[in-house]
Amino acid sequence: MRVGVNPEKSKGERNSKKLHRVIVVFYIPNSTDEYYEQSIIVLNHCLESLTKTINFDTTCITLINNNSTIEVELTINKYINKKLIDKYVLYSENKGKVYAIMNELKGIYEPFVTISDGDILFIKGWEKAVFNVYKNFDMAGVVAPLPCSNLALNHNSSVFFDKTLSLSINKSKIVTDLDCDLYLEGLGNTSLLSRNNRSFNWRTHQYYIKNTNTIAILGAGHFVATYRTALINKINDYPEFKFFNGYEDKFIDNKADEKGYYRLSLSKTFAYHMGNRLDNNITSLKKNEGDYIEHKDFEGLELAIKKRYTPYWFRSIVFRVVKKIVKL
């Protein structure tokens, strides 16, 4: 039986509400297979860079371990013991990335959430640069911390619907060759910026929007990106399969566009995809300098989701017509 009153009830302690949560999801089944032999070291670089580049007054971290090898615990515990991790989720089996993310999204209060794989190197200044885009483009729904120009046309009908007639979409070389090289090297695919059936490729030209202070490249990937939480955390569909082609498209990538928001990315590299092998870029990028985000960087941000009066199906049709006529 219970005797007395729980003393916690009288303490009156308050929860501190943050504005931004970073969710890192990873799966490392072993450290012996050639593919995974450096993955724990890569994860450590990811967590080290993340914890050194965010402002803990505004931002918190969730780790999702999709039933990785027990060896991972030694690395994770370093950050948990220092109280750098707000929440740690451990699954008893690998649920797949989409299940793990969607299950976690439904329970967060922060208005912005960054979803990241466990092989991303975060570069100083990335948070401030991402939220500078949000502050300058009120219809930004997704912002990736590195240039993703090859994804400009992917789930981005809303920005072309809004900006084409006003001639607000620009096309020229904004991303440096160095940033293009980092993107290709990180993803291990030299053809990602190629466009064999167009007069230009994604290395020589990028689509972008701009205002007085800021340039945003059209396009965002899903290995790391920052989202308006309200665009993606109310999805009721159940991911029946652990792994299924197009799942991230269905559950995450297309949601901003459906609600009329834009998928954008930074014009400079503030995150690097390390993959499963260490390389020299990691050492050099760690030396980059950048400013930490502050509370004032969130001031004036529109948090409520705006209702669009032109339906998604109509925006999509207009985009397909424009894409065909203009040969985007």
Side-chain angles (χ1 to χ4, degrees), residues 20 105 111-115 126-172 174-175 183 202 205-235 248-268 270-271 297-298 300-323 326 328:
H20 178 209
L105 281 176
F112 294 93
V113 58
T114 294
I115 300 171
W126 75 271
E127 262 196 300
K128 194 175 185 75
V130 163
F131 283 98
N132 182 52
V133 171
Y134 273 113
K135 201 163 190 175
N136 283 278
F137 301 99
D138 60 350
M139 294 308 293
V142 185
V143 180
L146 73 167
C148 299
S149 55
N150 62 312
L151 299 171
L153 310 179
N154 188 43
H155 299 305
N156 238 353
S157 63
S158 296
V159 67
F160 284 96
F161 178 85
D162 290 347
K163 303 292 186 181
T164 299
L165 292 180
S166 62
L167 303 178
S168 299
I169 293 181
N170 303 278
K171 183 183 77 172
S172 62
I174 295 295
V175 181
Y183 184 75
W202 299 120
H205 292 77
Q206 298 87 37
Y207 288 119
Y208 64 95
I209 54 178
K210 65 178 181 178
N211 63 20
T212 306
N213 304 310
T214 306
I215 287 175
I217 303 297
L218 302 193
H222 52 227
F223 53 88
V224 58
T226 303
Y227 302 77
R228 291 183 182 272
T229 306
L231 293 175
I232 55 175
N233 72 338
K234 294 179 175 62
I235 301 162
E248 282 171 285
D249 265 15
K250 176 183 176 181
F251 285 88
I252 301 172
D253 289 350
N254 65 347
K255 301 309 174 188
D257 194 25
E258 285 182 355
K259 293 179 173 67
Y261 281 77
Y262 310 160
R263 295 179 59 83
L264 306 173
S265 56
L266 303 181
S267 58
K268 295 181 179 179
F270 280 90
D297 294 310
F298 291 91
L301 282 175
E302 180 65 56
L303 300 183
I305 300 301
K306 298 180 181 180
K307 181 177 176 59
R308 293 295 297 254
Y309 293 97
T310 50
Y312 173 61
W313 64 263
F314 181 71
R315 297 195 303 271
S316 297
I317 290 173
V318 171
F319 170 62
R320 288 198 295 269
V321 171
V322 170
K323 182 179 177 182
V326 183
L328 293 172

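Since this is a predicted model, take the numbers as computed values, not measurements.
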[X]: partners by side chain to side chain donor-acceptor pair (under 3.5 Å), with sequence neighbours left out:
X	value
Lys255	none
Tyr183	Asn150
Ser158	Asp257, Arg315
Tyr207	none

Applying salt bridge (Lys or Arg N to Asp or Glu O under 4.0 Å) as the test, list every pair that has at least one member in [range]; sequence neighbours left out.
range	result
residues 137-160	Asp138-Lys306
residues 225-235	none
residues 150-163	Asp162-Arg308

Please report, to 0.1 Å, the donor-acceptor pairs under 3.5 Å made by any side chain of residues 212-223, with sequence neighbours excluded.
unit_1, atom_1, unit_2, atom_2, d
Thr214, OG1, Asn132, ND2, 3.1
Thr214, OG1, Asn136, ND2, 3.0
His222, ND1, Asp253, OD2, 2.7
His222, NE2, Glu248, OE1, 3.4

Considering all heavy atoms, the nearest [X]-[Y] contact:
X	Y	result
Ile232	Ile115	CD1-CD1, 4.0 Å
Ser157	Phe319	CB-CB, 3.5 Å
Val142	Ala256	CG2-CB, 3.8 Å
Ala225	Pro145	CA-CD, 4.2 Å
Arg263	Tyr227	NH1-CE2, 4.5 Å
Val224	Ala271	CG1-CB, 4.4 Å

Straight-line distance of [X] [atom1] to [Y] [atom2], nearest 0.5 Å:
X	Y	atom1	atom2	result
Ser149	His205	OG	NE2	12.0 Å
Tyr208	Ile169	OH	CD1	11.5 Å
Phe160	Leu328	CZ	CG	5.0 Å
Ser316	Asn254	OG	CG	9.5 Å

Sequence neighbours left out, what pairs pass ring pair (Phe, Tyr, Trp, His ring centres under 6.0 Å) with at least one residue falling in residues 135-155?
-> none
Does NZ belonging to Lys135 count more than 12 external heavy atoms closer than 6.0 Å?
-> yes
Any side-chain heavy-atom pair of Ile305 and Tyr261 under 4.5 Å | yes
Test side chain to side chain contact (heavy atoms under 4.5 Å, CB included) applied to His20 - qualifying residues, sequence neighbours left out = Val22, Thr59, Phe112, Thr114, Trp126, Glu127, Phe131, Thr226, Phe298
Applying salt bridge (charged side-chain N to carboxylate O under 4.0 Å, His left out), name anything that partners Lys268, two or more places apart in sequence or on another chain.
-> none
Quick one: list whatever passes ring pair (Phe, Tyr, Trp, His ring centres under 6.0 Å) with Phe314, sequence neighbours left out.
-> Phe161
Hey, mind stepping through Leu264 and Ile209 against side-chain contact (heavy atoms from CB on, under 4.5 Å) and telling me if it holds?
-> CA-CA 9 Å; Leu264 306 173; Ile209 54 178; 4.1 Å; yes
Is a side-chain donor or acceptor of Thr229 paired with a backbone partner of Pro111 at a separation under 3.5 angstrom?
-> yes
